[in-house]
Each structure stands twice: as C-alpha cells, then as structure tokens.
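The chains referred to below are lettered A, B, ... by the order of the sequence lines, with proteins before strands, and numbering in each begins at 1.
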Amino acid sequence: MTDVVDAGTALGRPIKRKEDARLLHGQTNWTDNIQLPGTVHMAILRSPLAHAKITHLDVSGALAMPNVVAAFGAAELGELNSSVPCVWPVTDDMVAPDFPALAKDTVHHVGDCVAVVLATDAVSAADALEAMSVDYEPLQAVVNMESAISPGSTLVHEDKGTNTCYVYNLGGGYDEKVKEADVVIKRRFINQRLIPAFMEPRSVVAAPMGMSDEITMWTSTQIPHILRLLIALVTGIPENNLRVIAPDVGGGFGGKLQIYREEILVAQLARKLGRPVKWTETRSEDMVATHHGRDQIQDIEIAAKSDGTLVGLKVDLKANMGAYLQIITPGIPLLGMFMYPGIYKMDAYDFQCTGVFTNTTPTDAYRGAGRPESTYAIERIMDELAAELGMEPMELRRKNWIKHEEFPYTTIAGLTYDTGNYELATARALELFDYEGLRAEQKSRRDSGDRVQLGIGISTFTEMCGLAPSRTLGALKYVAGGWEHCTVRVLPTGKVEVITGTSPHGQGHETAWSQIASSILGVPVEDIEVVHSDTGRAPYGMDTYGSRSLAVGGQAIKEASERLVEKARVIAAHQIECSPEDLEYVDGVFQVKGDPEKSQPLGAVAFEAFTAHNLPDGVEPTLSAEATIDPQDFSYPHGTHLAAMEVDTETGKVTVRKYVCVDDVGVQVNPMIVEGQVHGGVAQGIAQALYEGANYDEDGQPQNANLSTYLIPSAPDLPSFITDTTCTPSTTNPLGTKGVGEAGAIASTPAIINGIVDAIRHLGVNDVLMPATPMTVWKTIQAAQGGK
Amino acid sequence: MIPVAFDYKKASSVEDALAALAEGGEDAKLMGGGQSLVPVLRLRLNAPSVVVDCSSIPELKGIKDEGGKIVIGAGTTHHAVMNDPAVKSSLKVLADATASVADPQIRHRGTLGGALAHSDPRADQPPVALALDAEFTIAGATGQRCVAAADFFQGPFETAVGPDEILVSIAFPKLDGWGGHYEKFNRAAQAWSIIGVAAAVRMEGGKIAEARIGLTNVGGTPHRASAVEQALVGASSIAEVEAASMYASDNLSPFADEDADVDYRLHLARVLTARSVAKAAGIS
C-alpha cells in the first residue's frame, strides 16, 4: 500500500471552484466564440409541420442571395447525408427508423431538418433561408401515445408498419403473489415531457486543419470521446483524423449527451467545402430540435398486507420515443426499470415498457434519465397506499425499507445495494424539518377551514450512479463500456497534469479532480491542471453523464496517482541510495523513515525522470502513470427529502414553504460542490412538479416552445433549501463515493406533489397532474368537491 | 436570432421622430426602451423598414408634479417611475404595478410610454392608467392632442396612437390619501400576469368612499370594473368587499390559454379583485 498524505488535507474540503474565475469573468471561449479565418455559417430550414410529405424543395433561390456559398437539401447532399445513430437496441426486434441528417421525403416532427444554407456570415445565412422554396403535403400527425399504438393508427414511419418501437419485460410472478395481498391499489401517473433548456445553446464548429488530414470539431457536448467515435463511424472520416474538443460547456442536463444531426452536417460540410463551418442554434431551434426528456405514462399497481407490508409491484409503462431514436432514446425507460422498487423490500415485481413513436421531438436522457420517473411513481404510490391503509406515510416507508443492518441487499429488481442508512438520513431530515410541528399546524388549518392548507410531502429516494460495469451494459445490449481513464503526469518543473476522460459541463471537475490528485500526490491543488474534453490531449474517455464522473472517473484518478507515487518512489530511492521500502511519502516529499533529512521532493524526482541521466535499471524515463477503471458495481446515493407545501384553495396557487433534504452521497470530495449540485437538482425537480411541461396540440404543433411560455423557475420562486448530508461510504469503489449530479432532481418532484396532495386530500383529492399549475390545482379541487 | 435588415434612425426630438416616421411610411416603427420590439424583431415577427429610436429624446423623459396631476414623460423608464417620490406617495398603485414588471434589467430600459403604447393585453400598467382615468398626450404632424384612457386602449396591441404619431406623456390625477394595491397573479416571478388587479381606494370613517379598479389580461384591452367600484361604496368588512367583487366578472369575455380557461379567469377576476381592494383599503 502507498503511504499517501492524509487524504483530509485536500479531500473533503469545501474549496472554491478554480474554474469559476474564468467563467464568471467571461474569460473563456464558448464554442460560439471560436472565430476561424474563412468560416462559413450554416443555417437550417426546419419543418413547420409535424408530419408531411416534402412535395417540392428547391434550394437554388438561396444560392442567389448575397454571401451564400452553398445550399443543400437531401438530394444535393447525397451520400454525405449520414444517418444519426442509436447505440442502444434494447431488444433484438426493436424497430429503428432511418434518421437521416436531412429529411429525405417526409418530415416527422416540427423542427425536423429539411435543408441547409452556408454563407460567409450568419446574417446572410439566416436571410437566405427565406429564399428557399419548399412545399409540403400535410399528413395526419400522431401525437397521443395510446392512440399511436391503437389498431388503425396513422404511422409515424409508414415503412415500419407499426408505431411500437419495442416491448420490454422484466420480472414475472406478480399475478401469483398478489393473491396474498389484502390491499391492492392502481394509479396512473403522467411524467410529462420536459425540455432540458441548458443555458448555452448548442454550437459546433468543424474545420480541416490544413497541415494534416485532421478535422477538428469544437462542439458544446457532454461526450467528446463518444462523439468522435460515432462521427467517424457515420461520416467515414477516419477516427485518427478526427479531433473533438468540448470547450467550456454551459450546461447539458443530458441534453448534450447526444450525437446531433447538426454535428454530423457540420462535420460533413467542413470536409466537403474544405473550410471551417459553424452553426449555433437559436433558442427557438433549441426548444424543438434539442432532444426532450421524460414523457411517460405510468400505470402502476402496488399490493400490500393490511399491516402495510409490501407484497409486490407491477408497472406498465408507455414511453414516448418521439419521431426518431437518438443515441440512447430506447434505453432511458430501462434505466428507470431497476429503480421502481426504490428502497423497499417486496416479493414480486413485474415491469413492462412499450416504446412508442409519435410525431414529436425525439426524447432521450434528461437529468436522472429514467430514474426520476420511477422514483416519482414509487414515492407517489407509497403515499397513496398509506392513505388507503390509514397509515402515516413515513411509517409505511419505515416498515418496508431496507434496514441499515440488512445491507448489502439484493432488491426484487435484481440490483445489489451495497450500503445505505435510511434511518439516519430520515431522522436528521425530520429533525431539521420540525415534522411534528408542521403536522400540528396542518391539523389546525384543516380544523379551521383555512383558505391556505398545508401539506407535507415525503420522498425517501435512492438511485443508481456510477454507470457502469461494462459487463452489465453488455447484458443490456448497450454498445459501449462504462470504464473511465486517467493519466497523471508530473512535468519536469514539478507541475502536474491530470488527464481525465470525463467531460465536465458545469460540475467543477477541475477543482474536485485536483483535490483527489492533491490528496495522493501531496502537490498543492493550484499546481494541478486537469486536462479534459479534448480527444487530442485526453484521448481515452467515456465522458460525463448519469452521475458517473466521480464514482468511476474519480477512481481512475486515485489509482493513476497511486501508481505514479510508486514509480516515483523507486526513482527517489535510487537518488537517495536507499531501499524503496525505507521511504515514506509526506506532503509531496519522499523521506527516509526515521531520517527525514534524507529526502527528495516529487519535483526533483520528476526532473530526474526527465533527464534520465541516472535512473535505476529497468525504470523508463518520464514520470507518468495511467489507469483505466471499470467499476465493479453501481453506487446508490439516497436521501430523505421533505417539502412543506401551502395550497391556496381559492386560487389553486401552491407555494413551497419549506424544503429540507438530507442526502447520503457517500464520501464527499468537495462539500461545496455537493451542496451546489443538490440545490440545482432540487430546483430542477421542483420545476417538473410545478412549472415545466412541453405541450403539443393534436396536429403536433408545440404549444409552448419558447422561454416566455415554457416556464423555468428562478430564485424568487424558490425557498432557501435546508440541506444536510449523512455519509455511508460506498463499498463498490475505493474512494467510497456515490454520485450527486442527479439526486436532487430525482428526489424533489415526488416530494412536492406528495405535499400538494397531502394538503388537499381531505377535500377528496388523490392526485394532481404535473406541472401543478394554479389552474390545474384549482380544477382538481373543484372536480373533487363536485364529485362529493 | 437575427432580425431582417432594417434602417435605424436615432431621433433627437419629437419633431425629429415625427419627420422620420413620415419619411419611413407605414413600415416605420417607433422604439422606446426596445424591451417589446427587439424580441419581436429577433423572432422575425415584424420587419420594419426603419426603426426610429426615441430613447434619447429629452422632452419624453421625466416626471412633473403639476398640482392636481402627475405628468410622466412617455420615455421615462419603469425604474424611474417606481422610485419617484411623487408617484410613490400620490400614485401608489402605479408604483406597485410598475415594480411588478419583469426584472430590474428590463425595468431600467423599458419605458412607461412604451409599455402603454404597445398595449399588450397582459401588461401591468394599462389597467392602472384605465382605472385612474389617465390622460394621454399624443403628438402628430398637426400638433398635439389629448386622449382619455377609456379611448386610448382599442384592442390587443392597438391604441389611439396613429402610425404617424408619438405618445408624449401620460397625466395621472393625483390620489393623495388614497390606498392602492396591484395584485399580480402569475405562475413564476418572471412570467406575465395571468390576471392583475389594480385597485385604488379612498376611505372615509372606516368605509370605502370611492374605488377605482382595473383588470389586466381578461380581454383584448384592460377592463374597468365599474360595477365593483359602485358596489364597494360603503363597504367596511371583508365580507362586503368580497360581495362587491363578485361583479368583477360581469361583462367580461376573457380568452382561454394554457394558464387559464374562461371559467378559471372569471373566478380569478372575482377572487383577486377582492384581495386587491382589501389590501388597498387595509381591510382584513
């Protein structure tokens, strides 16, 4: 074992993020800031209709416009019109429609790409779009999922003969087991469609680099490494001639875990035209052309004994794929599949998911990706079951959750949760919340018939992070591994490069990764440079999504750093003329145990490794080490979130009065970053509960595809969250970390809705659709009262 | 996004602006703070031949106390209006409604006259102008004319200001000693009003002696709730205020949108009118 410096010196400290200065002062290059000589700007003609035949397309009018260099429809683009790949064929018989970069003869959703124009400036390109001539023959749009899979429905893709993408089954045995139950309740929950709405719109630049056959692509993506591979595969650009760089990226939330048709077009056209091509989307494009999230109909049934003991769970899901399959569209509901049982013990679990095509923007990963949907369903129905049984909702949870002493525990869905302490997190949350006090106030408001009623919403959630063991991904038919890579180099001047395969887009990896390396190398955080998101400088990686970067990538940093110390130890011992075993490594210095005057700092060792004038036999010059880590299993963050919700029964307006969450994300590298992630995640989950929802009319026209009507809450709409953490270290990785990127967004949505329902359950309400707008809540109360 | 190309003329006086409008013809467009026009241009929903920028015309700026009334230059920013001592003391409901407009950045550029002349059915200040019987001074080629608030708002995005005219100032009768409140109901802090109710109330001996009430976003133009105003006279309890406010939905034919259907809007009109009046009157 390496006797490293006390990990506490850098690990676990809430230090400020080193990347923030350049971000906050505008001293960075976003992709749209990149200005290369000779650049042509691309603009895209998009379909205004959800489903239509293109009966006529003539791009020549655009060519006559000032400063226009080229224009292409599918016909002009010819064999450069590559198709967008899906890498997760979830079943052998999954239906996968062709998804060409430019639509060939039919458009399938509003925003579908029809043609492109390239001009020497962005203004001319935008103007030239209007000079194109296109005619459509409208077809009936398929919007509603249940209609789509009814016999006789119009088909989104005529050639496929069906709107069903796939049917996936897991489990079995529920129907037998349910006979032992005293109580069975069924509910339908709707997880509405959401738009990622990251702050920086998508932008991509591709350029032939002249001095070689290399094409360099700068793109606002979460996945430069995966993108390089896929762009190479679909365009035929040799992978070794393609370099992908994700500069500072302004948010993603899964929306930039994608290979987009615009990225393919820009790469192809840069190669064809032999000059740099640039495209930056407008917000209006973003709202219809960036993939969406959620959009599931959840029919869920839960069975229990009269004392509350759970018997089983049955889930029948319909998941909206949208019009096409993007990179992992079909797999998103399956990431949730394992999590429907949540933290609870039960004896049976049946799951079925039907993927459905509609004439809507494709769906794919959005913060939590499948897990928010499953957590919402289980946490909502636990409250409904408690009401049915007349039990306190927390008591029902406590009765059924996995006890601390029962870990590791293999759930009915087949996952083995390594660690957890639901009792501890819940106790702390109840204390911070003043649970009993709020229950008393709730009673007095009910008794007095107060216009404003109070409800308490509970969410005792868990999720799976650390995606993922490569063998597990293989078993799920996902066409890639889940490993992560790190190279650590000490340069001759003693400065350190940590070269990671993760690709941050706002998370603070540069700081956190420096803290991990610093804790092992004993080098100050400020002397460590984290190199990332550039396949030319950081060639190996699986990028950032699914709260995997720390739980997987962090282990690679730890391992590579420890390997580097071992190599340095051998060199240092040679320099000091002692045995490596006689050395201890303290604060970046090798020193002889019991004789610390005899020492070599790491920088001196690095310089020796560089000159290589006097290395021990068999030791290679340069001081670097690398590690590629495949995780042994997932990690399972959990937490208890409590929301006090006020409902104005006269207007239906709801207010989050108090929000408490206690999360267990295992060992924390930087608690300040953890807190920031929790705050942002909770806000985003509240946004689903109360504000956001992308709607289409029956013709497939988006009804609120702009930021004026698609409401995203801001600080004035939210209370100050009260957050705390407990720590039950994960045992599936040596750092003991779990992941925190999605936790808040997964946990908060059901807490909010449970709180609203709890506030007005006495009025006859047992569900509220999301987003719980004032009108929705008011109408729900009216309907319940009318039904009495 | 990128607007269609247009000519730009920065006017230095009202006369200058009128000349530019005349020269530009029917496709010329006036711009105050640009907070409504620029988004429209960027979305290519409008393609004016020339944009006449009025933001630097000195005579359009400023707030004057003219004894019985306060006269506000059309080009005065929301920020200046809501922070003006005379407005705060004599026109509290205007100060309240203005403070609820969008966010601080927008309030520093957007102007009162621009918002009123834009006449967005969801805007917060038109119901105040209507309820308070404001007078609008409009300049045209043949000189200036005065239009009462009741005649100013003519439809969604339509006012008495002609295409070759400029709104110069708005005069509000002072309501010294009156209570005022603007009850804004929206889904998020930075969202448009689903409904807003402007209320100004004069109390005498613990009873409502006079009331002025205007509603926004219950139709194509702001709505004066005259029946409520009359019914409120003499009210001193919350029950009486609520009873009078039941008339708030009279003669309304609101539209339906994602935030509110017709029934819900009518319901909100009644509930929020009562709340706004109660706050303006200090009755709880």
Side-chain angles (χ1 to χ4, degrees), chain A residues 41 43 65-66 119 121-130 201 280-286 451 648-655 686-687 690-695 697 702-718 771-782, chain B residues 1-6 35-36 39-45 47 99-100 102-106 120 122-123 183-197 217 238 242 245-246 254 256-276 278 284:
Chain A
H41 298 258
M65 294 289 284
D121 63 285
V123 176
S124 298
D127 287 343
L129 276 187
E130 298 186 359
T280 299
E281 71 179 347
T282 64
R283 183 61 69 180
S284 300
E285 286 182 287
D286 174 75
R451 177 167 64 76
D648 183 334
T649 56
E650 244 174 32
T651 63
K653 189 157 186 168
V654 305
T655 308
I686 292 175
L690 300 182
Y691 297 97
E692 299 183 27
N695 298 326
D697 70 9
Q703 297 300 289
N704 54 354
N706 58 64
L707 292 180
S708 164
T709 49
Y710 185 90
L711 284 192
I712 295 171
S714 53
D717 301 308
L718 301 165
T773 67
M775 178 168 71
T776 298
V777 173
W778 184 75
K779 295 247 164 200
T780 303
I781 295 171
Q782 295 301 306
Chain B
M1 289 183 74
I2 299 166
V4 175
F6 56 84
Q35 300 305 291
S36 300
V40 164
L41 296 182
R42 287 164 61 90
L43 291 167
R44 296 199 168 202
L45 296 173
S100 81
D103 57 47
Q105 287 93 330
I106 288 174
D120 191 312
R122 304 165 295 179
E183 183 79 12
K184 181 166 183 162
F185 190 80
N186 55 6
R187 283 186 56 204
Q190 303 202 2
W192 289 98
S193 291
I194 297 174
I195 275 191
V197 183
N217 210 15
I238 188 72
E242 284 173 354
S245 298
M246 292 306 285
D257 60 21
E258 284 216 328
D259 291 329
D261 63 13
V262 171
D263 283 352
Y264 183 56
R265 264 213 167 76
L266 293 173
H267 169 75
L268 284 180
R270 295 186 289 264
V271 170
L272 298 171
T273 295
R275 289 188 187 181
S276 192
S284 56

I'd like to know if the side chain of B:R187 reaches the main chain of A:P774, judged simply by a donor and an acceptor atom lying under 3.5 Å from each other, with no hydrogens or angles considered.
no

Honestly, the part of B:D103 sitting under 4.5 Å from a heavy atom of chain A is neither

Part of [X] within contact of chain B (heavy atom distance under 4.5 Å):
{"X": "A:L690", "value": "backbone"}
{"X": "A:E130", "value": "side chain"}
{"X": "A:A122", "value": "both"}

Drop me the distance from [X]'s [atom1] to [Y]'s [atom2], to the nearest 0.5 angstrom.
{"X": "B:E258", "Y": "A:N695", "atom1": "CD", "atom2": "CG", "answer": "4.5 Å"}
{"X": "A:T709", "Y": "B:D257", "atom1": "OG1", "atom2": "CG", "answer": "10.0 Å"}
{"X": "B:R44", "Y": "A:S284", "atom1": "CZ", "atom2": "OG", "answer": "12.0 Å"}
{"X": "A:M775", "Y": "B:H267", "atom1": "CE", "atom2": "NE2", "answer": "12.5 Å"}
{"X": "B:R275", "Y": "A:R451", "atom1": "CZ", "atom2": "CZ", "answer": "4.0 Å"}

Picking from [options], which has the most non-hydrogen pairs under 4.5 angstrom with chain B?
{"options": "A:L711, A:T776, A:T773", "result": "A:L711"}
{"options": "A:V654, A:I712, A:D648", "result": "A:D648"}
{"options": "A:N704, A:T651, A:T282, A:V123", "result": "A:T651"}

For A:S714, give me all partners under side chain to side chain contact (heavy atoms under 4.5 Å, CB included), at least two apart in sequence or on another chain.
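Side chain to side chain contact (heavy atoms under 4.5 Å, CB included) check on A:S714 returns A:P716, A:D717, B:Q190.
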
Verdict with reasoning, B:D263 to A:Q782, per side chain to side chain contact (heavy atoms under 4.5 Å, CB included)
CA-CA 11 Å; B:D263 283 352; A:Q782 295 301 306; over 6 Å; no

Could you tell me whether B:R42 atom CZ has more than 12 heavy atoms of other residues or ligands within 6.0 Å of it?
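No, because the 6.0 Å sphere around CZ of B:R42 holds 12 heavy atoms or fewer from other groups.
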
Should the heavy atoms of other residues, nucleotides or ligands under 6.0 Å from CE of A:M65 be counted, would the total exceed 12?
yes

Do A:K653 and B:F185 meet the cation-pi criteria used here (NZ or CZ under 6.0 Å from the six-membered ring centre, within 45° of the axis)?
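Satisfied, under 6.0 Å and within 45°.
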
List the residues meeting salt bridge (Lys or Arg N to Asp or Glu O under 4.0 Å) with A:D697, not counting sequence neighbours, and say none if there are none.
none

